[in-house]
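Heads up: the structure comes next, in structure tokens.
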Amino acid sequence: MQTTRKSFLKWQWKTIVVLMAGYAMFYLLRKNFSLAMPGLTAEFGINNTTLGIFLTLHGVIYGLSRYVVGIITDRNSAKKIMALGLALCAAVNVLFGMSDLWATWLVSIAGTAGDAAAIATALAYIMGVLWMVNGFLQGMGVPPCTKMMTHWVHPDELATKMSVWNMSHSIGAGLAMALCGYVIMPNLGLDMSMDAEKVSAIAANLNLDPADAKVMTFAGHVGAWRWCFLIPAAVGLMGAVWLFFTLKDDPVDAGFDPVVGERKSAEAAVDVAEHKAFVRKHVYRNRIIWTLAVTNLFVYIVRFGALDWGIKILMEDKAMNFAMATTVVMLFELVGGNLGMIFWGWFTDKFMHSKAHHTCIICMICVAVCIVAYWLMPQGAPWWVLLIPYMMMGFCIYGPQALLGICAAQHATNRASATANGILGIFGYMSTIISGAGFGIIADKVGWSGVYVAMLVASVIAAGVLVTIRGAKANGYEAE
């Protein structure tokens with residue numbers, strides 16, 4: 001029996017680690033866009049509003065995809081869906097990295113070769129469509145992970161161990177920052193000794209005087225942005241093959257007994273009517289799930305405000321250079337985010353009796369404090385001073401980011417966890433309407449102070465919504 005227990009734990013942790021690495025690759029194939037944004041502005045004159053629209057379209061479609069894929073995943077092989085999704089995301093990233101070439105080709109076919117305005121218009125449409133497709137395919141990442149985690153981990157340990165898996169979000173985003181910010185941009189950018197015509201073009205795109213130092217800061221991004229998509233795509237393609245041959249859908253597939261309940265794997269016969277009735281009761285008619293989903297909307301407004309716009313905010317509002325801004329956002333993810341997820345997951349199981357929603361209330365109050373502290377920092381403050389509240393924001397916001405999904409999985413049980421998390425995904429990524437296009441418009445029209453106000457209000461609302469379910473139990477297995 002001891003040998004079996006040791007073997008199971010070995011398989012369990014192997015599954016967690018592989019799922020972490022696999023989902024980190026999904027992030028590498030979507031958070032690379034944030035690092036490419038300065039290059040897209042410098043080379044093609046794409047403003048914050050347009051970039052925000054790209055983020056919004058990607059996020060909304062991704063949220064809807066997570067819901068659709070969640071329903072499919074609850075009744076099919078999770079590992080196959082995850083591996084296929086990663087491979088397809090890599091293929092779309094290849095196409096995106098070559099999008100300016102496609103735009104030039106289409107314009108030449110239309111008989112307006114060399115027309116810069118026509119190329120820019122075609123490029124905007126091509127990038128928009130490709131990034132929407134990528135958003136849909138990205139939805140094939142979380143539902144398989146949620147399903148496999150609830151099958152491999154007992155409910156009493158889920159907050160701790162799923163928080164460990166949830167580190168994949170910050171690891172993936174952090175790796176994107178490191179790969180694109182420290183390897184691709186500095187080493188693959190064009191020579192800084194650019195001719196006057198190119199410098200003038202960059203200055204015009206940035207709406208700056210050619211003599212402004214920012215022009216040359218952005219010059220290194222010209223041409224290099226495409227590698228932010230091509231190199232991660234190569235990693236993703238190899239990762240997809242690795243996932244397919246390494247993962248097992250549930251303990252039964254690896255020769256062990258189910259962790260809780262009956263086996264409900266892809267090969268098991270499922271009573272369709274009974275399953276639908278179960279999902280209706282534990283998901284669609286469950287007030288707790290909908291409350292968690294609404295909270296997720298406001299949590300993600302803050303999270304994406306800090307992550308997607310982080311480099312631009314630090315460069316434009318706090319007068320930080322690209323390297324230092326990249327460092328701060330990377331530490332927000334890798335240090336603040338990862339430590340936060342582990343700490344708050346452990347804190348929930350140890351002190352909150354696995355009631356994740358209680359922990360999330362504490363986290364969102366702390367997030368509000370961090371936003372105010374960062375906002376009050378003066379422009380030009382040393383990067384390490386700005387790092388402290390920014391990194392602590394990551395430490396606090398990634399508690400709810402992980403725990404809301406865990407709480408939903410607990411209340412939907414392992415039979416409907418992917419569907420429940422799909423609903424949270426819709427609400428979470430609907431946030432990009434505000435954190436994407438909304439923040440882009442606010443930044444262009446009002447300035448970054450308006451963005452800080454919006455993030456602060458979102459934090460307070462999130463905490464308030466969670467208070468309405470403070471009396472809820474830790475999970476829904478007893479009701480089942």
If I take atom [atom1] from residue [X] and atom [atom2] from residue [Y], how far apart are they, to the nearest 0.5 angstrom?
X: S163; Y: N338; atom1: OG; atom2: CG; value: 11.0 Å
X: L466; Y: L404; atom1: CG; atom2: CG; value: 6.0 Å
X: L158; Y: L403; atom1: CG; atom2: CG; value: 10.0 Å
X: W290; Y: R285; atom1: CH2; atom2: CZ; value: 12.5 Å
X: K161; Y: N166; atom1: NZ; atom2: CG; value: 16.0 Å
X: D74; Y: F278; atom1: CG; atom2: CZ; value: 9.5 Å

[X] side chain to [Y] main-chain N or O, any donor-acceptor pair under 3.5 Å?
X: H357; Y: A472; value: yes
X: S99; Y: M127; value: no
X: S431; Y: F298; value: no
X: N32; Y: C228; value: yes
X: N76; Y: I72; value: yes
X: D444; Y: T49; value: yes
X: K147; Y: T73; value: yes

Answer yes if the ring centres of [X] and [Y] are under 6.0 angstrom apart, and no otherwise.
X: F8; Y: W152; value: yes
X: F343; Y: F395; value: yes
X: W131; Y: F229; value: yes
X: Y27; Y: H169; value: yes

Donor + acceptor pair across side chains of S417, T146 (<3.5 Å)
no
Is a donor from one side chain sitting under 3.5 angstrom from an acceptor on the other, for H411 and N286?
no
Evaluate V328 against M320 for side-chain contact (heavy atoms from CB on, under 4.5 Å), listing each step before the verdict.
CA-CA 10 Å; V328 170; M320 192 176 289; 3.9 Å; yes
How about [X] and [Y]: do any of their side-chain heavy atoms sit closer than 4.5 Å?
X: W165; Y: C145; result: yes
X: L64; Y: V60; result: yes
X: F304; Y: Y429; result: yes
X: V69; Y: V142; result: no
X: M364; Y: V299; result: yes
X: N134; Y: F96; result: no
X: Y284; Y: I289; result: no
X: M167; Y: I342; result: yes

Residues that K248 engages under salt bridge (charged side-chain N to carboxylate O under 4.0 Å, His left out), provided they are two or more places apart
none
Determine the minimum heavy-atom distance between [X] and [Y], stating which atoms define it.
X: N421; Y: A408; answer: ND2-CB, 4.3 Å
X: P143; Y: R66; answer: CG-O, 3.6 Å
X: I311; Y: A325; answer: O-CB, 4.0 Å
X: V259; Y: P251; answer: CG2-CG, 4.0 Å
X: D249; Y: A78; answer: OD1-N, 2.8 Å
X: G135; Y: I61; answer: C-CG2, 4.2 Å

For residues 15-24, which side-chain N or O atoms pair as donor and acceptor with protein atoms under 3.5 Å away, sequence neighbours left out?
{"from": "T15", "atom 1": "OG1", "to": "W11", "atom 2": "O", "distance (Å)": "2.8"}
{"from": "Y23", "atom 1": "OH", "to": "R30", "atom 2": "NH2", "distance (Å)": "3.0"}
{"from": "Y23", "atom 1": "OH", "to": "Y62", "atom 2": "OH", "distance (Å)": "2.9"}

Please tabulate, one pair per line, all N/O donor-acceptor pairs under 3.5 Å involving side-chain atoms of residues 447-459, not counting sequence neighbours.
{"from": "W448", "atom 1": "NE1", "to": "E316", "atom 2": "OE1", "distance (Å)": "3.4"}
{"from": "Y452", "atom 1": "OH", "to": "D317", "atom 2": "OD2", "distance (Å)": "2.6"}
{"from": "S459", "atom 1": "OG", "to": "M455", "atom 2": "O", "distance (Å)": "3.0"}

Give the intermediate values and the outcome of side-chain contact (heavy atoms from CB on, under 4.5 Å) for residues L424 and Y67.
CA-CA 8 Å; L424 264 68; Y67 172 67; over 6 Å; no
Using the six-membered ring of Y374, assess whether NZ or CZ of K318 lies under 6.0 Å from its centre and within 45 degrees of the ring axis.
yes
Using the six-membered ring of F244, assess whether NZ or CZ of K80 lies under 6.0 Å from its centre and within 45 degrees of the ring axis.
no
Is it the case that more than 12 heavy atoms not belonging to M430 sit under 6.0 Å from its CE atom?
no
Does atom CH2 (W384) have a neighbourhood of more than 12 heavy atoms from anything else shown, all under 6.0 Å?
no
Give the C-alpha distance, both sets of side-chain angles, the deciding distance and a yes or no for salt bridge (charged side-chain N to carboxylate O under 4.0 Å, His left out) between R303 and D308.
CA-CA 8 Å; R303 180 189 168 215; D308 289 340; over 6 Å; no
Can you list the steps and then say if S65 with Q138 is a side-chain contact (heavy atoms from CB on, under 4.5 Å)?
CA-CA 8 Å; S65 173; Q138 285 281 335; over 6 Å; no
Start with the C-alpha gap between L179 and L175, add the side-chain angles, then the distance that decides, and say whether side-chain contact (heavy atoms from CB on, under 4.5 Å) holds.
CA-CA 6 Å; L179 179 62; L175 287 175; 5.8 Å; no
Among T348, T160, D349, which one satisfies side-chain hydrogen bond (donor to acceptor under 3.5 Å, both in side chains) with S354?
D349
